[in-house]
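Labels below follow one simple rule: chain letters A, B, ... track the order of the sequence lines, proteins then strands, and each chain is numbered from 1. In this text, all values refer to a predicted model and were calculated from it rather than measured experimentally.
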Protein chains: 2
Amino acid sequence: MAGSTLRDVARRAGVSIRTVSNVVNGSVPVSDELRVRVQAALDELDYRPNLVARNLRRGRSGMIALVVPELDVPYFAELAREVITAARTHGYVVMLDQTDGDGDRERELLGRESRATMFDGLLLSPLSISADELRRRTNKVPVVLLGEHIFNGSFHHVAIDNIVAAREATEHLIGLGRRRIAAIGDQPYSTGETAQLRTTGYRQALERAGLTVDRELIVPTPRFHRHLGAEAMERLLALPEPPDAVFCYNDLLAIGAMHTLARAGVRVPEDIAVVGVDGIQEGRYSSPSLTTVAPDKAAIARTAVSTLLGVIDGSAPAPTDAKAPHRLLVRQSTRGAPVD
Amino acid sequence: MAGSTLRDVARRAGVSIRTVSNVVNGSVPVSDELRVRVQAALDELDYRPNLVARNLRRGRSGMIALVVPELDVPYFAELAREVITAARTHGYVVMLDQTDGDGDRERELLGRESRATMFDGLLLSPLSISADELRRRTNKVPVVLLGEHIFNGSFHHVAIDNIVAAREATEHLIGLGRRRIAAIGDQPYSTGETAQLRTTGYRQALERAGLTVDRELIVPTPRFHRHLGAEAMERLLALPEPPDAVFCYNDLLAIGAMHTLARAGVRVPEDIAVVGVDGIQEGRYSSPSLTTVAPDKAAIARTAVSTLLGVIDGSAPAPTDAKAPHRLLVRQSTRGAPVD
DNA sequence: CATCATCTCTGCATCGTTGCAAAGGACGGG
DNA sequence: CCCGTCCTTTGCAACGATGCAGAGATGATG
């Protein structure tokens, strides 16, 4: 039942515990004769190191935690995939937790009884926790923030350049000749910094093109979910003068918006062009397929993981603010042509 | 830098280590006077229990691992969400790993140097590992299998009734008056047991309705991905006599199939009706929205977690074969009416 | 032949926590 | 006034592994 320990193996092989440990780890040279004997005992007893004990002794767990609002949001699932892959190349495994955008749950993570102490570090994609809280609560555990929020300079941070990304998406629509361009997803309050950056980029693009910003066309949504995109689009269609294009702050909003358009019999992109952000796989196969600004998720994951490991081993003390690349993927929802 | 330990707190409060431990755990009564003094010291030093040490001592880690082929497949992401939630109600956290359907990676999980020993148990959704291998390799670590494969009676197992689910999906199509019904997703080889069950249900439905099974209409796919569904549908459209309905073995295949149909100008459901399996959120917002057989993922997760915990504490020794409920969600891809 | 360097191998202490058993003090009953 | 009981508090050992320093054997060197 219980797994065998170094002691069991040592007894069986007639050597000291320490020698067995040396054979297992291979760090210290062991004579051929003993090695063979110990190896045999290891095999016979099917020894597996107790990693909890090893971690205690070594002071490291080899685990990092990735905390996202919702795992069933495709962007986070795809990001999680990349984080797991990136961590593996460094010999780390990833514990996943979700907060459901619940501030209390996020706070709990940093509190006294949190499991966070079990991990060497934390990758956190905060939704509703504020910068101050985070600063106050984060004791000792190395943290790297992903995507959301900015927290100017207090924390390591990895994200795309949201202003530029939003501007490019909007410029793409302008380049198609659209003039009445809506935006779905603004969040004009303290925890909506990412959304606000995208609004900034959207406005920049309009202003540079000499277009006026119509506040009626900026529809806020508390979260980035399909159904909220659908509702926002209903509001836009109800306007006396509906838009001829929509920039959605993420792909789920865009897909919700297209859902509403399909029901209403509005043609995409002929009547209204749609562009999203996130580059999720779902958008490649939607009807029509979705034009999107795709962050390089693998790059985000790699940067985040290696930054975090840098903090853990003390080689990266000063908070960095890394920008990951992104690119515009033009598909049917703006271009129309059914090619992929 | 380094967190404070029970010893530090004990020294500061002028009591024994054990008393501090008692205050922290609250299991043994402590006098008010000492409790106050210790609590003050705890707060001042911002003590956080070292969970690695605690786990070593208690012989439990409070962690289970969930291993899925791919986290960016929506079904697994949605399932993972439920598993994390279910585990939390039992005080457990979940480590997530993905195997990319790589048999070696799955095998590695059960091998000598695996991290699996760090977890109290394993929820495994195997893709390419065989029953024998699993039986041979799984030593000691409690395992519950999810969804895929059957492994008659050797392991705890939780899944929907695949035969019934497939039969109901097919019967739904038959009920709509369709007579030439294709199937996408068969896997006629040892690791494709789930797919084979769905094929069985499909055939049962046809036979009961007195329809003949046309082997040309059963298109196998090595995996359940969107692009494979798209390719399979191309093959079906190229037939001299294309189908008037398709039963896809999961929603991603169905979405890929609909993608092909949209490009080819074939109307769904008028020309070809489509039904999938998995009930992923993506299908609610696709155009047209997707009819699907939705497993109760929360129920699967709850059952799997509580079964696993039962194995861990020794109260559930005999392998069980739990069937989770499922239900048919009829949407536009078969019914047509644009209501939801 | 004595001495020293080298190479294996070992025992002990330790990581931070909790189980166990017993010490110490307070208290009530006979 | 003494003894037994109960309650709080404590020290020791242990979970299973690794770091360290040193023991013993072997070979090289003067």
Side-chain angles (χ1 to χ4, degrees), chain A residues 1-39 41-42 45-63 112-120 140, chain B residues 1-39 41-42 45-63 112-120 140:
Chain A
M1 178 61 202
S4 43
T5 72
L6 284 184
R7 191 156 76 178
D8 303 329
V9 178
R11 200 144 35 195
R12 177 163 194 125
V15 298
S16 76
I17 293 181
R18 199 55 243 246
T19 298
V20 180
S21 171
N22 289 337
V23 171
V24 169
N25 289 295
S27 45
V28 178
V30 174
S31 70
D32 288 348
E33 187 212 331
L34 277 199
R35 167 177 297 107
V36 169
R37 214 162 79 212
V38 169
Q39 189 60 52
L42 284 171
L45 295 179
D46 189 34
Y47 170 79
R48 321 247 176 149
N50 179 322
L51 297 181
V52 175
R54 180 179 283 176
N55 291 341
L56 173 61
R57 186 60 238 229
R58 290 188 178 165
R60 290 241 186 129
S61 71
M63 301 188 290
R112 168 77 49 89
E113 276 302 317
S114 154
R115 302 237 177 207
T117 54
M118 202 166 15
F119 309 108
D120 297 342
K140 322 289 192 288
Chain B
M1 177 65 201
S4 43
T5 71
L6 284 183
R7 192 156 74 179
D8 303 329
V9 178
R11 202 146 33 200
R12 177 161 195 126
V15 298
S16 76
I17 293 180
R18 198 55 244 246
T19 299
V20 180
S21 171
N22 288 339
V23 171
V24 170
N25 290 294
S27 43
V28 178
V30 175
S31 70
D32 287 347
E33 186 212 332
L34 278 199
R35 166 176 299 108
V36 169
R37 214 162 79 211
V38 169
Q39 189 59 53
L42 284 171
L45 295 179
D46 190 31
Y47 169 78
R48 321 246 177 151
N50 179 322
L51 297 181
V52 176
R54 178 179 284 178
N55 290 341
L56 172 61
R57 183 61 239 227
R58 291 187 177 166
R60 290 239 184 130
S61 70
M63 300 189 290
R112 168 76 50 87
E113 276 303 316
S114 155
R115 303 238 175 204
T117 55
M118 203 167 11
F119 309 108
D120 296 341
K140 323 288 192 287

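Annotation: the span from Met63(B) atom CE to Met63(A) atom CE amounts to 4.0 Å, rounded to 0.5 Å. With values rounded to the nearest 0.5 angstrom, Asp8(A) atom CG is found 11.0 Å from Leu42(A) atom CG. Once rounded to the nearest 0.5 Å, the distance linking CG of Asn50(A) with CG of Leu56(B) reads 6.0 Å. Summarising the geometry, atom OG1 belonging to Thr19(B) is positioned 10.5 Å from atom CG belonging to Leu6(B); distances are rounded to the nearest 0.5 Å.
Map Arg18(A) and Ala53(B) each onto its nearest nucleotide of DNA chain D; the residue landing nearer the 5' end is Ala53(B). Toward the 5′ end of DNA chain D lies the nearest nucleotide of Ser31(B), the other residue of the pair Ser31(B) and Arg58(B) mapping further downstream. Residues Ser27(B) and Leu56(B) both approach DNA chain C. Their nearest nucleotides, taken by heavy-atom distance, put Leu56(B) toward the 5′ side.
Nucleotides of DNA chain C that come within less than 4.0 Å of any heavy atom of chain A span, from the 5' end to the 3' end, dT8(C) to dG16(C). The footprint of chain A on DNA chain D, defined by a heavy-atom cutoff below 4.0 Å, extends from dG16(D) to dC20(D).
Residues Gly14(A) and Arg37(A) share a closest heavy-atom pair of O-NH2, 3.6 Å.
The residue Thr19(A) sits close to a base: some heavy atom pair falls under 4.0 Å. In this structure, Val30(A) reaches the sugar-phosphate backbone alone: every heavy-atom distance under 4.0 Å involves primed, P, OP1 or OP2 atoms, never a base. Heavy atoms of Asn25(A) sit under 4.0 angstrom from primed sugar atoms or phosphate atoms, though from no base atom.
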Atom pairs and distances, donor-acceptor, side-chain atoms in residues 20-30 of chain B, under 3.5 Å, two or more places apart:
residue, atom, partner, partner atom, Å
Ser21(B), OG, Asn25(B), ND2, 3.3
Asn22(B), OD1, Arg18(B), NH2, 3.2
Asn22(B), ND2, Arg18(B), O, 3.4
Asn25(B), OD1, Arg58(B), NH2, 3.4
Asn25(B), ND2, Ser21(B), O, 2.9

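Under the 3.5 Å distance criterion, with hydrogens and angles disregarded, a donor-acceptor pair is assigned to the side chains of Asp120(A) and Ser61(A).
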